[in-house]
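Worksheet for the structure shown next.
Lettering of chains follows the sequences in order, A, B, ..., and the numbering in each one begins at 1.
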Number of protein chains: 2
Amino acid sequence: MALREVILTVLAHRRMTGYEIAHDFDRALSYFWRASHQQIYRELASLDKDGCVKFKVVPQTGKPDRKVYAITTRGRDELKKWVAEPTPPPQPRYDLLVKLMAGLLVDKASLHREMERVSVESRAILKQFRRMRRQCAGQPLETMAEYEQSLYLALRRGLLQVEAQTKWLGEVTEFLESGSLKR
Amino acid sequence: MALREVILTVLAHRRMTGYEIAHDFDRALSYFWRASHQQIYRELASLDKDGCVKFKVVPQTGKPDRKVYAITTRGRDELKKWVAEPTPPPQPRYDLLVKLMAGLLVDKASLHREMERVSVESRAILKQFRRMRRQCAGQPLETMAEYEQSLYLALRRGLLQVEAQTKWLGEVTEFLESGSLKR
DNA sequence: CACGGCATGTAACAGGTTACATGATTAT
DNA sequence: ATAATCATGTAACCTGTTACATGCCGTG
């Protein structure tokens, strides 16, 4: 149920249309959160109903009207309250882990192929994260507002996670190839 | 949509009742997958409808009848097919990351407290993982079937993830305390 | 006598995904 | 011509969560 708060957060940073929020989730915020535009429009309607956001209709020529949303005082209060609440630990639900167990029981050859594919993918993502981080590091600290700093920390988390994942995949591959666990 | 396959996987290992599956998710499989008994009963009904599992009713005295489920050939085929399919990368949706960004914008004091709470929690989980891993490591390799080996690898993944998480929390805490990013 | 364990379920609701819909403009 | 971009939405479906329901047994 955090999509509501994600939207409030981006609106606390600056006013935007639903379309722009969806667009940001596909680009700059893609390693931060993801949601379809349908989901965002639905949630914005619900936030508006509860008085947490308000909007102005900005007519355009040739294009559909824009609804520019802004957070309200009530929305800001709800967000503050939410920040103070204890965060539930994330549930472990990782398809590849299931595939590992299933594959060992029913089809090792396919499992091998799929693990190899994911390993390649994972190393590519790792490269990309490292490149992005170098880009960020090139920027002087003073020019970074809090918003950008938290994006940097999100990126940093992604990098640490992918590093751990890549290491794990290496160990699993070794296990699948040698047929025994190393410890 | 992997709950279906998780259930097929545990049934490929041994026949069980829905109650036992739910119980295992709360214990041995808790760092592997989680689901409520309601969800499991619903999914078992759907799997039965599709001919992927079958069951025998075992009457008991004093207790409700047990429905002992087993995987069918069709179920095994479906599982094989699924193992060979490319696994979609997991979506990044981490509430604490949202809280970090939201907190910087609306309430730094609450954010600080919550981050501290999660750090403590995270270090406790790390300790627990390490203890479990030592327990596993004490066991001779030969006695471990493939099923147990994959559970060990699931545990290993959990450990690596929590290590990365703990490291990240350390960096975030330092950032919150010093007010600037270190790089 | 209250509570937890065993063992099954139904019903309502919340959140995420997919498909469908509109309609002008600009780029290939 | 065709596709992509801008900008909004509705509707159906699937999955996950929460609440409610039954009924016997053993333990404190």
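- Heavy atoms of B:Arg34 sit nowhere under 4.0 angstrom from any nucleic acid atom.
- In this structure, A:Gln60 atom CD and C:dG23 atom P are separated by 17 Å, rounded to whole Å.
- Going from atom CG of B:Asp65 over to atom P of C:dT8 covers 9 Å, rounded to whole Å.
- Under the ring pair (Phe, Tyr, Trp, His ring centres under 6.0 Å) criterion, B:Tyr41 pairs with B:His37, sequence neighbours left out.
- DNA chain D lies under 4.0 Å from at least one heavy atom of each of the following residues of residues 37-45 of chain A: A:His37, A:Gln38, A:Tyr41, A:Arg42.
- Sorted by first and then second residue, the ring pair (Phe, Tyr, Trp, His ring centres under 6.0 Å) pairs involving residues 94-125 of chain A (not counting sequence neighbours) form an empty list.
- A:Phe55 has its CZ atom 16 Å from the P atom of D:dA7, to the nearest Å.
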(message) Generate the contact string for nucleotides 22-28 of chain D. Rules: B means base contact, S means sugar-phosphate contact only, - means no protein heavy atom under 4.0 Å.
(response) -BSS---
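- Residue-to-nucleotide proximity on DNA chain C shows that, of B:Gln91 and B:Lys67, the 5′-proximal contact is made by B:Lys67.
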(request) Decide side-chain hydrogen bond (donor to acceptor under 3.5 Å, both in side chains) for B:Tyr152 and B:Arg133; before the verdict, give the C-alpha distance in whole Å, the side-chain angles of both, and the deciding distance to 0.1 Å. (result) CA-CA 8 Å; B:Tyr152 172 79; B:Arg133 190 163 177 245; 3.1 Å; yes
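- The 12-atom threshold is exceeded at CZ of A:Arg34, counting heavy atoms of other residues, nucleotides or ligands nearer than 6.0 Å.
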(request) Using the salt bridge (Lys or Arg N to Asp or Glu O under 4.0 Å) rule, take B:Glu171 and A:Arg157 through it: C-alpha gap first, then chi angles, then the decisive distance, then the call. (result) CA-CA 10 Å; B:Glu171 292 184 12; A:Arg157 179 166 191 274; over 6 Å; no
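- Salt bridge status for A:Glu121 with A:Arg117: present, with a side-chain N to carboxylate O gap under 4.0 Å.
- Heavy atoms of B:Arg93 sit under 4.0 angstrom from primed sugar atoms or phosphate atoms, though from no base atom.
- For the residue pair A:Lys99/B:Thr87, the side-chain donor-acceptor check at 3.5 Å is satisfied.
- Listed by chain and number, the residues in a side-chain contact (heavy atoms from CB on, under 4.5 Å) with A:Ala109 are A:Asp107, A:Arg113 (sequence neighbours excluded).
- A:Glu43 and A:Lys49 are not joined by a salt bridge, as no carboxylate oxygen comes within less than 4.0 angstrom of a charged side-chain nitrogen.
- Nearer to the 5' terminus of DNA chain C, by closest-nucleotide assignment, is the contact made by B:Arg66 (compared with the other of B:Arg66 and A:Trp33).
- A heavy-atom distance below 4.0 Å to DNA chain D is reached by these residues of residues 6-29 of chain A, ordered by number: A:Thr17, A:Gly18, A:Tyr19.
- Defined by atom type and a distance below 3.5 Å, a donor-acceptor pair is present between the side-chain atoms of B:Arg4 and B:Ser46.
- Remark: the B:Arg14 side chain and the B:Tyr147 side chain contain no N/O donor-acceptor pair separated by less than 3.5 Å.
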